[in-house]
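The block underneath contains the structure these notes are about, expressed in structure tokens.
Numbered from 1 within each chain, the chains take letters A, B, ... in sequence-line order.
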Protein chains: 2
Amino acid sequence: MSEAQFRNWQAIQAEVLRRIHARNWPPGHTIPNEVDLAQEFGCARATVNRALQSLADAGLLERRRKAGTRVALHPVGKATVTIPVIRQEIEDRGMTYAYRLITRDIATSPAPLGATGPGLHVTAVHHANDSPYVIEDRWINLTTVPDAAEQPFDQISANEWLVTTAPYTNGDISFAAEPATAQEAQLLNTAEGTPVFVIDRITWDHDQTITTVRLTYAPGYRIHTGIGTGAIAS
Amino acid sequence: MSEAQFRNWQAIQAEVLRRIHARNWPPGHTIPNEVDLAQEFGCARATVNRALQSLADAGLLERRRKAGTRVALHPVGKATVTIPVIRQEIEDRGMTYAYRLITRDIATSPAPLGATGPGLHVTAVHHANDSPYVIEDRWINLTTVPDAAEQPFDQISANEWLVTTAPYTNGDISFAAEPATAQEAQLLNTAEGTPVFVIDRITWDHDQTITTVRLTYAPGYRIHTGIGTGAIAS
DNA sequence: CTTGATATTATGTATAGACATAAAAACCTG
DNA sequence: CAGGTTTTTATGTCTATACATAATATCAAG
């Protein structure tokens, strides 16, 4: 075993991964500390740190000060789902995009937006190749995003307007399968009760709620992504 | 504006985030280079690099050598969904876990596993508080995971056995809403055609397929997670 | 005007050394 | 021996410097 063949942090990361996969370091095993690894690999400790750190980010290692670095017991699968702008998502699939506004009202916000202020309620349908793709049912908090009141949302969707206008710091998202309501079924051109994929999302800017949205996708919709921590895998 | 108040990379990251949110640096804007930022913040370039790098990982910045660092045009929402071991998921919710094997056969694998080799086909139901929670319909590639042939899978599930036994380098996952088939409906104690949440997953170790699985969840299931890049947000 | 070689530049990454910090381990005390 | 205090230790992070690399910008030659 000659040393000094691992010149960069990615090579070190790959070697560590190899040992994990080869069961040299089984789940739960505490691996050598950074100083020792640096010596073995013939590099600086900072380089080992970089490699291990990003493996820890990916969930394959668990690190605690003083306690050392252990191979994660449950190599937690983490899938990163990207939440795209709907128009982009459709155009990326090579389909033609169309947008149709259904309703637009100012009313008192429902519970999740923080009961007090007025809200803008917008419903719209996004089409792909002239068939309905997804229903956007959205509440916008007019207290935090007053500019929204002046937007007609008849040409560009609230979805698109918000991402380039209202910044958010964090949010909450959930996926579910639900039966289409009568109204949804009509808009999506399907039968009531048909299983539809639903995304509920709420975004805040610090403590202020910005918007809540329910996206109801036409039957057959499928979210697709990879696991294995992207660049790391292999 | 005194300088040298940003002592660590996280403080710098927060300040950069603040400027993006405050529209000092709007989407598409090219921000100052690392040397200048380091001087402004009164720290080393490596520290600025660390901060910007992790923002780029999170998708908020786009960096190219020589071209510089730009604020992403579409601040892509990225949600990281963790794929837990089913037993853990149930127990984490404070429910009692139970497992029931339905079928276990060795047969020729279906297409996705790579048509050639033999496969182990296991179907099972995981229960939470004595009601069916999810159906696990799995094929295991016996060429790559021969040990699986000796596992009865009557006590511990294939799900659990695999995560601690067969390492994988990457995978593919998709979520969808589908109507329950007659068999699924029976196992989940619901009506045929009821919308159910389905996760399809396939994992490989390098080029070798390890397993494909379809998880069909009982009605009402919901995947839930946060957006806003975890630690970064605020 | 186009093409290709060359210089410039911003990020990418390595290094050695230092100090900070959290947490386990060892050491006291009563 | 229980409980608190100190020591030790592995990771976390910063600094300053250096070189690598990719991509743009520049400029000369055909």
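Toward the 5' end of DNA chain C, the nearer of the two residues A:W9 and A:A67, judged by each one's closest nucleotide, is A:W9. Taking the nucleotide of DNA chain D with the nearest heavy atom to each of A:L52 and A:A46, the more 5' of the two is matched to A:L52. The residue among A:T47 and B:R64 whose nearest nucleotide of DNA chain C is located toward the 5' end is B:R64.
Residue contacts shown for B:E62 are absent, as no nucleic acid heavy atom lies under 4.0 Å away.
One can place CD of B:Q39 at 14 Å from P of D:dT15, the figure rounded to the nearest angstrom. As a whole-Å value, the separation of B:R63 CZ from C:dT9 P is 18 Å. Across the protein-nucleic acid pair, B:N49 atom CG and D:dA18 atom P stand 18 Å apart, rounded to whole Å. Rounded to a whole Å, the CD atom of B:E34 is 10 Å from the P atom of C:dA10. The distance between atom CG of B:D36 and atom C1' of C:dA10, rounded to the nearest whole Å, is 11 Å. When the C1' atom of C:dT21 is taken as reference, atom CD of B:Q10 falls 13 Å away, rounded to whole Å. C:dA10 atom P lies 12 Å from atom CG of B:L37, rounded to whole Å. One can place CG of B:D57 at 15 Å from P of C:dT11, the figure rounded to the nearest angstrom.
Of the candidate nucleotides C:dG12, C:dA14, C:dT15, C:dG12 has the atom nearest to the side chain of B:R45. Closest to the B:N8 side chain, of the nucleotides D:dT13, C:dG12, D:dT9, is D:dT13. The A:N33 side chain lies nearest to D:dT11 when the options are C:dA23, C:dT13, D:dT11. Relative to the side chain of B:R50, the nucleotides D:dT15, D:dT13, D:dT24 differ in distance, and D:dT13 lies closest. Comparing C:dT21, C:dG12, C:dT15 by their closest approach to the side chain of A:R65 singles out C:dT21. Comparing D:dG12, C:dT11, C:dA24 against the side chain of A:K66 picks out C:dA24 as the nearest.
Taking a cutoff of 4.0 Å between a charged side-chain nitrogen and a carboxylate oxygen, A:D200 and A:R214 qualify as a salt bridge. For B:E34 and B:R63, the salt-bridge test passes: some basic side-chain N is under 4.0 Å from an acidic carboxylate O.
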Derivation and outcome, side chain to side chain donor-acceptor pair (under 3.5 Å), residues A:Q88 and A:Y97: CA-CA 9 Å; A:Q88 274 212 326; A:Y97 173 78; over 6 Å; no

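Phosphate proximity of C:dT11 to B:T69: present, with a side-chain N or O under 4.0 Å from OP1 or OP2.
Looking only at atom types and distance, the side chain of B:T69 has no donor-acceptor partner in the side chain of B:E62 under 3.5 Å away.
Going from atom OG1 of B:T96 over to atom CD of B:E91 covers 9.0 Å, rounded to the nearest 0.5 Å.
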